[in-house]
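Along the sequence shown, residues carry numbers from 1.
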Amino acid sequence: MSKAAAVIPATVKHTASLIFLHGLGDVGSSWQDAFNMYRIAKAAPHVKFIFPNAPVQRVTLNMGMPMPTWFDIHGLDQNAKEDQEGIEKSSKLLKDLVEEEIKSGIPAERVIVGGFSMGGAVAIHAALTSPHTLGGVLALSTWLPLSTTFPKALISGDKKMNLPILQCHGDEDPMVQLRWARLTEEGIKAMGFKQYTFKEYRNMGHSSCDQEMDDVSAFVVKNLPKTD
């Protein structure tokens, strides 16, 4: 069982939520720190920010070592086997977290999901296979997993073509190569999503940068605006 999520509570009336998943071997509090450092929570005081922790599992790519991971990774090659069961399990876990926010009174369209690297992969998958049209998707240094199952795997696709998606990637990423991210861009555009944006950052590796975090903040403020 993974430990409790890191949370930045809303500091005024809570009217929106953002759930963000970390990458391989990381913890939720790392991104809690990043969102605090870039004052993203300050820019959206009505938003509750939730940073869950992945369970510790063995990772094939890292010689079977146990570490926090949302699913198993067999290789970095595009043709490497995908852990469909693990991806779908984590995608369901994220969708369950969304349902918890909805039950607490936050409408689905006021919930953004997002993540970095494998966390972003889970977030994209969850948003596309959710019965709800969410408030947006933040996809940082990531890719669409199980891409060959789409568009068939898309749920309520005709209703969610206005789902806002921001995909961000560094042009020097050695882990999730830019060309894979561009293939995800092609796939998402081919499905007909109208509010999709791809941002590429020069000299950025498998990490984040000031400009990217500013773009993340702007995306949150735009798509989860303060309500009276």
Side-chain angles (χ1 to χ4, degrees), residues 17-24 50 52 54-55 57 59-61 69-103 107-169 175-198 219 223:
S17 298
L18 187 150
I19 309 169
F20 192 93
L21 306 186
H22 63 73
L24 178 65
I50 305 160
Q57 304 174 81
V59 178
T60 302
L61 179 68
T69 184
W70 298 109
F71 51 86
D72 193 13
I73 295 185
H74 292 273
L76 296 175
D77 185 88
Q78 209 195 330
N79 300 316
K81 178 184 165 190
E82 288 188 279
D83 174 19
Q84 181 163 355
E85 186 183 349
I87 293 163
E88 289 175 347
K89 187 176 175 183
S90 285
S91 181
K92 182 184 182 302
L93 182 132
L94 179 52
K95 285 184 274 194
D96 288 346
L97 291 175
V98 169
E99 292 298 339
E100 283 178 28
E101 294 308 297
I102 294 169
K103 279 184 191 143
E109 65 273 14
R110 298 280 294 165
V111 180
I112 284 178
V113 296
F116 175 79
S117 195
M118 61 165 17
V122 172
I124 301 174
H125 188 276
L128 299 193
T129 58
S130 166
H132 307 290
T133 301
L134 301 177
V137 182
L138 281 168
L140 312 186
S141 302
T142 192
W143 71 98
L144 173 63
L146 308 177
S147 59
T148 57
T149 65
F150 292 96
K152 195 178 174 189
L154 199 57
I155 293 176
S156 309
D158 51 334
K159 292 180 185 163
K160 59 173 64 153
M161 285 302 126
N162 284 319
L163 170 72
I165 303 171
L166 174 63
Q167 187 178 355
C168 302
H169 218 94
M175 305 288 286
V176 181
Q177 292 182 24
L178 180 62
R179 60 195 174 91
W180 302 348
R182 288 291 185 185
L183 284 173
T184 287
E185 176 190 26
E186 282 173 29
I188 291 175
K189 282 181 173 173
M191 283 187 253
F193 286 91
K194 297 183 180 74
Q195 291 196 61
Y196 171 83
T197 304
F198 190 105
F219 182 84
N223 292 294

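- Here Leu163 contributes atom CG and Thr133 contributes atom OG1; the two are 7.0 Å apart, rounded to the nearest 0.5 Å.
- Contact record, Gln167 with Thr142: NE2-O, 3.7 Å, taken as the closest heavy-atom pair.
- What you find for Ser130 and Lys160 is that their closest heavy atoms are O-NZ, 2.5 Å.
- Ser117 places no side-chain N or O within donor-acceptor distance of the main-chain N or O of Gly119, the cut-off being under 3.5 Å.
- The two residues Asn223 and Pro164 have their closest heavy-atom pair at OD1-CG, 3.3 Å.
- Here the CD1 atom belonging to Ile112 is positioned 11.5 Å from the CD1 atom belonging to Ile165, to the nearest 0.5 angstrom.
- At least one donor-acceptor pair under 3.5 Å links the side chain of His169 to the backbone N or O of Val176.
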Q) Could you go step by step and tell me if Phe150 and His125 meet the side chain to side chain contact (heavy atoms under 4.5 Å, CB included) rule? A) CA-CA 10 Å; Phe150 292 96; His125 188 276; 3.9 Å; yes
Q: Could you please spell out the steps behind the salt bridge (Lys or Arg N to Asp or Glu O under 4.0 Å) verdict for Lys103 and Glu100?
A: CA-CA 5 Å; Lys103 279 184 191 143; Glu100 283 178 28; over 6 Å; no
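- Within the 4.5 Å cutoff, the side chain of Leu146 has heavy atoms near those of the Glu88 side chain.
- Distance check, rounded to the nearest 0.5 Å: NZ of Lys89 to CG of Asp83 gives 9.5 Å.
- Taking every heavy atom of both residues into account, Phe198 and Glu185 meet most closely at CB-OE2, 3.6 Å.
- Between the Lys95 side chain and the Pro131 main chain, no donor and acceptor come within less than 3.5 Å of each other.
- Using the six-membered ring where Trp is involved, His22 and Trp70 have ring planes that are tilted, between 30° and 60° apart.
- Contact check for Met175 versus Leu24: no side-chain heavy atoms found under the 4.5 Å cut-off.
- Heavy atoms only, all atoms of each residue included: Ile50 and Pro52 are closest at O-CD, 3.4 Å.
- Considering every non-hydrogen atom in both Phe219 and Val137, the closest pair reads CZ-O, 3.6 Å.
- Formation of a donor-acceptor pair under 3.5 Å by the Asp72 side chain with backbone atoms of Thr60 is found in this model.
- Without hydrogens or angle criteria, Ser141 side chain to Phe116 main chain gives no donor-acceptor distance under 3.5 Å.
- Under a 3.5 Å cut-off, the side chain of Ser91 and the backbone N or O of Ile87 do not form any donor-acceptor pair.
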Q: Could you go through the side chain to side chain contact (heavy atoms under 4.5 Å, CB included) check for Leu183 and Ser147 one step at a time?
A: CA-CA 9 Å; Leu183 284 173; Ser147 59; over 6 Å; no
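- In this structure, the separation between CE on Met118 and CD1 on Ile73 is 3.5 Å, given to the nearest 0.5 Å.
- Annotation: the span from Glu109 atom CD to Ile102 atom CD1 amounts to 8.5 Å, rounded to 0.5 Å.
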